[in-house]
Amino acid sequence: AVLVIGACGQLGSELTLELRKLYGDAHVVAADIQYPKQAELRESGPFEIVDVLTPQHLSELATRYKFKQIYHLAAILSATGEKNPKFAWRLNMDGLFNVLDFALEQKVERVYWPSSIAVFGPNTPRQNTPQDTIMDPNTVYGISKQAGERWCEYYFNKYGLDVRSLRYPGLIGYKALPGGGTTDYAVDIYHQALATGTYKCFLSEHTRLPMMYMPDAIKATLDLMHAPAEQVKVRSSYNLAAMSFTPQEIATSIQRHYPSFAITYDPDSRQQIADSWPQSIDDLAARQDWGWRPQYDLDTMTDDMLLHLKRINN
Ligand code: VAH
């Protein structure tokens with residue numbers, strides 16, 4: 001079976017549905033700290049309440065399922081992490097250790113764990129950030145992702161655990177809302193364009209950040225997890241890129257559909273987090289090692305997002 005921990009999250013809910021299409025509903029166990037709101041997620045296959053800080057929850061699952069793969073997506077994201085640093089560190093790190101140790105005990109074949117461009121910091125080169133470079137993250141989330149990458153590589157080298165990882169940019173999708181990130185504005189803006197025709201952005205107009213449409217993120221994750229082990233040469237975490245844009249540029253893209261859409265700017269504490277991150281990412285290693293290629297750019301993403309959100313809202 002496949003276990004998805006954090007299945008109610010922005011990425012977890014979409015990945016669970018894709019994995020169920022791929023492996024069959026009954027073979028993908030969705031797990032989270034609470035039941036999902038989305039009926040499709042709750043009704044399409046097994047759902048288990050799991051707190052990754054309670055290892056017994058995982059060992060109890062193993063009495064009922066034989067897991068071949070684990071996707072460990074449960075974490076506190078950048079903005080929320082700054083409000084509760086010690087808990088964010090504990091959940092992100094102890095949760096990872098519990099899952100890595102569980103995977104070893106159960107001889108799980110492959111483990112997936114997401115990293116993020118948040119592993120980079122103020123002294124990292126901000127344009128075309130290289131795969132191997134200075135990393136001085138200054139958010140708890142980023143520090144936990146940097147430490148998590150070190151530990152994933154350690155478990156691979158020391159214990160032979162086949163754990164794989166991607167440094168996601170901001171992810172944008174229409175099926176699930178993001179939870180507590182700095183890039184969440186790029187999801188909120190589409191909802192507001194439909195609901196009110198205006199959006200007050202919590203980042204300044206020229207804040208350029210690496211972003212990716214959810215279908216590309218899902219494809220990259222599954223392509224990486226299905227690649228033969230010898231092709232996976234990076235065992236910390238792969239840089240991954242699709243596009244970079246500013247709030248002004250995404251507003252212009254939306255105005256192609258809604259000419260009267262208006263954006264205003266009211267930067268908050270998340271501006272400092274965004275300013276510590278790269279503006280563009282070099283993902284040559286992912287392209288060379290396992291054939292990564294993005295499919296969506298800003299305008300094709302906007303067209304698809306608005307098409308689906310209109311259908312959901314009508
Ligand atoms: C966040 N969406 O904003 C996440 C992601 C690169 C951003 O890690 O914290």
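Read the numbers this way: they start at 1 and go in the same order the structure lists the ligands and their atoms.
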Original post:
Can you check whether Asp282's main-chain N or O pairs, donor with acceptor, with Thr129's side chain at less than 3.5 Å?
Top reply: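 No, the answer is negative, given that no donor and acceptor are paired below the 3.5 Å cut-off.
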Subject >> Pair Trp292 and Tyr238, ring centroids less than 6.0 Å apart >> reply: no
Original post:
Taking the six-membered ring for Trp, are Tyr35 and Phe47 ring centroids under 6.0 Å apart?
Top reply: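 Between Tyr35 and Phe47, the centre distance is under 6.0 Å.
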Original post:
Would you call Glu40-Lys175 a salt bridge at under 4.0 Å N-O?
Top reply: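 The answer is no: the pair does not qualify as a salt bridge.
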Original post:
Are any of the side-chain nitrogens in Asp283 or Arg293 under 4.0 Å away from the carboxylate oxygens of its partner?
Top reply: no
Subject >> Aromatic plane relationship, Tyr154 with Tyr159 - under 30° parallel, 30 to 60° tilted, over 60° perpendicular >> reply: perpendicular
**OP:** Could you name the protein residues that come within less than 4.0 Å of ligand 1, counting only heavy atoms, and order them by chain and residue number?
**Re:**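 Residues near ligand 1: Leu77, Ser78, Ser116, Ile117, Tyr141, Tyr168, Pro169, Gly170, Gly181, Thr182, Thr183, Trp277.
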